[in-house]
Amino acid sequence: MPEQIQEPVLSNIRIVLCHTSHPGNIGSTARAMKTMGLSRLYLVNPKHFPDGQAKSLAVSATDVLDNAVVTASLEEAIADCHFVIGVSGKERSLSQEVMTVREAAIKTSEIASGQQVALVFGTEQSGLTTAEANCCHVLATIPANPEYTSLNLAQAVQIMCYECRIAVTGGQIHYDEKPVELATQDELERFYDHLKEVLTLIGYLNPKAPKKLFDRLRRLYARARLEKEEVNLLRGILTLTQKPKKHTKY
């Protein structure tokens, strides 16, 4: 998906933290968001904000903190949203739809293409309250170890933001790999001839009874899909094996 299409989708997704008690988690959340291309942070009645510790842990994502919206209630933070997902690891008695964070991210990417989506997180100690969960259209959960499902708030945000980015971008990396020039078959054959010559010289290969040893070596190098520079490197080693350099004595 082209970058000009990706960015508006991501800008329609907001992270909402409810009643966060530790400012460090707010800073770490900002950093987690920015690494995945999200920038809209809403804070519902945070205990400490703004705060130096939040800025310290945000590292280079202080712009996310500077633009954070602080609200008195969750209702205010999500008032203009078309789809609200509560991220929770709790098992609840209510018959509310629950999906994995990956399923939620896919749904988010679809709706955020033209509408506002909120991803809501509860407090560090107890997560979303029942009242907060009731404000959400669906709940998303991280499929964690059932014997220990506890996650740090910022870690949970990071996982959700990552899944959203993958859903929006298709997992496309942000840079193009440099093209490499593979060795031609002629270059490979000359390398194989050189290798056979050196292995015979050092007594590893018996030219009168090679069996299948050299064929196995050919298959080994063929699987490696050698690059042109790699063949040159290997042939340099073979050349020095035949004619070692004399070491200067100090």
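For this chain, numbers begin at 1 and follow the sequence in order. No experiment lies behind these values; they were computed from the predicted model shown.
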Trace of the side chain to side chain contact (heavy atoms under 4.5 Å, CB included) decision for Leu213 with Leu205: CA-CA 8 Å; Leu213 176 59; Leu205 193 67; 3.7 Å; yes
Donor-acceptor pair between His194 and Gln242 side chains, under 3.5 angstrom: yes
Polar side chain donor-acceptor pair, Gln116 to Asn12, under 3.5 angstrom: yes
Gap between atom CZ of Phe121 and atom CG of Leu153 - 0.5 Å precision: 7.0 Å
Between CG on residue Asn206 and CG on residue Leu199, distance to nearest 0.5 Å: 12.0 Å
Charged N-O contact under 4.0 Å between Glu189 and Arg218: yes
Worked verdict on Ile237 versus Thr241 for side chain to side chain contact (heavy atoms under 4.5 Å, CB included): CA-CA 6 Å; Ile237 294 172; Thr241 302; 4.2 Å; yes
Parallel, tilted or perpendicular: ring planes of His137 versus Phe83, cut at 30 and 60 degrees: parallel
Rounded distance (nearest 0.5 Å) linking atom OG of Ser150 with atom CD of Gln155: 8.5 Å
Spatial distance of atom CG (Leu128) from atom CG (Asn134) [nearest 0.5 Å]: 10.5 Å
Carboxylate-amine/guanidinium proximity below 4.0 Å for Arg235 and Asp193: no
Student check: side-chain heavy atoms of Phe49 and Ile26 closer than 4.5 Å: yes
Side-chain (Lys196) to main-chain (Phe214) donor-acceptor, under 3.5 angstrom: no
Hydrophobic cluster identity match, Val64 and Val59, side-chain contacts under 4.5 Å: no
Side-chain heavy-atom pair Leu188, Val231 within 4.5 angstrom cut-off: yes
Check: Thr129 main-chain N/O paired with Glu132 side-chain donor or acceptor under 3.5 Å: yes
Hphob cluster co-occupancy, Ile106 + Val98, side-chain heavy atoms under 4.5 angstrom: no
Short side-chain to backbone donor-acceptor contact, Thr71 and Ser73, under 3.5 Å: yes
ILVMFWY network linking Val70 to Met33, side-chain heavy atoms under 4.5 angstrom: yes
Donor-acceptor under 3.5 Å (Arg40 side chain, Ile15 main chain): no
Approximate separation, where rounding is to 0.5 Å, of Leu220 CG and Leu217 CG: 6.5 Å
Within 6.0 angstrom of Tyr162 OH, more than 12 heavy atoms from elsewhere: no
Any donor-acceptor pair under 3.5 Å from Ser28 side chain to Gly24 backbone: yes
Student check: side-chain heavy atoms of Met36 and Gln158 closer than 4.5 Å: yes
Stepwise side chain to side chain contact (heavy atoms under 4.5 Å, CB included) check, Ile85 with Leu139: CA-CA 6 Å; Ile85 300 174; Leu139 297 178; over 6 Å; no
Asp186/Arg190 ion pair, N-O < 4.0 Å: yes
4.5 Å side-chain heavy-atom contact, Leu41 and Asn67: no
Thr35 side chain vs Ala32 backbone, donor-acceptor pair below 3.5 Å: yes
Side-chain heavy atoms of Gln115 within contact of Glu110, under 4.5 Å: no
Path from Tyr221 to Tyr204 over hydrophobic side-chain contacts below 4.5 Å: yes
Ser56 side chain to Gln53 backbone, donor-acceptor under 3.5 Å: no
Val101 versus Pro143, closest heavy-atom pair with distance: CG2-CD, 4.5 Å
Side chain Thr141, main chain Ser88, donor-acceptor under 3.5 Å: yes
Side-chain (Thr62) to main-chain (Leu65) donor-acceptor, under 3.5 angstrom: no
Val9 with Ile166, same ILVMFWY side-chain cluster at under 4.5 Å: yes
Set of residues satisfying salt bridge (charged side-chain N to carboxylate O under 4.0 Å, His left out) with respect to Glu75, sequence neighbours excluded: none
Sub-4.5 Å side-chain heavy-atom contact between Ile78 and Cys135: yes
Value rounded to 0.5 Å, distance of OG in Ser126 from NE2 in His19: 9.5 Å
Glu229 CD: over 12 foreign heavy atoms closer than 6.0 Å: no
Any side-chain heavy-atom pair of Leu119 and Cys164 under 4.5 Å: yes
Side-chain donor or acceptor of Glu124 paired with backbone N/O of Ser21 under 3.5 Å: yes
Closest contact, heavy atoms only, Glu230 versus Glu227: OE1-N, 2.7 Å
Arg14 side chain near Val16 side chain, heavy-atom distance below 4.5 Å: yes
Working for side chain to side chain contact (heavy atoms under 4.5 Å, CB included), residues Leu151 and Ile142: CA-CA 9 Å; Leu151 268 176; Ile142 297 168; 3.5 Å; yes
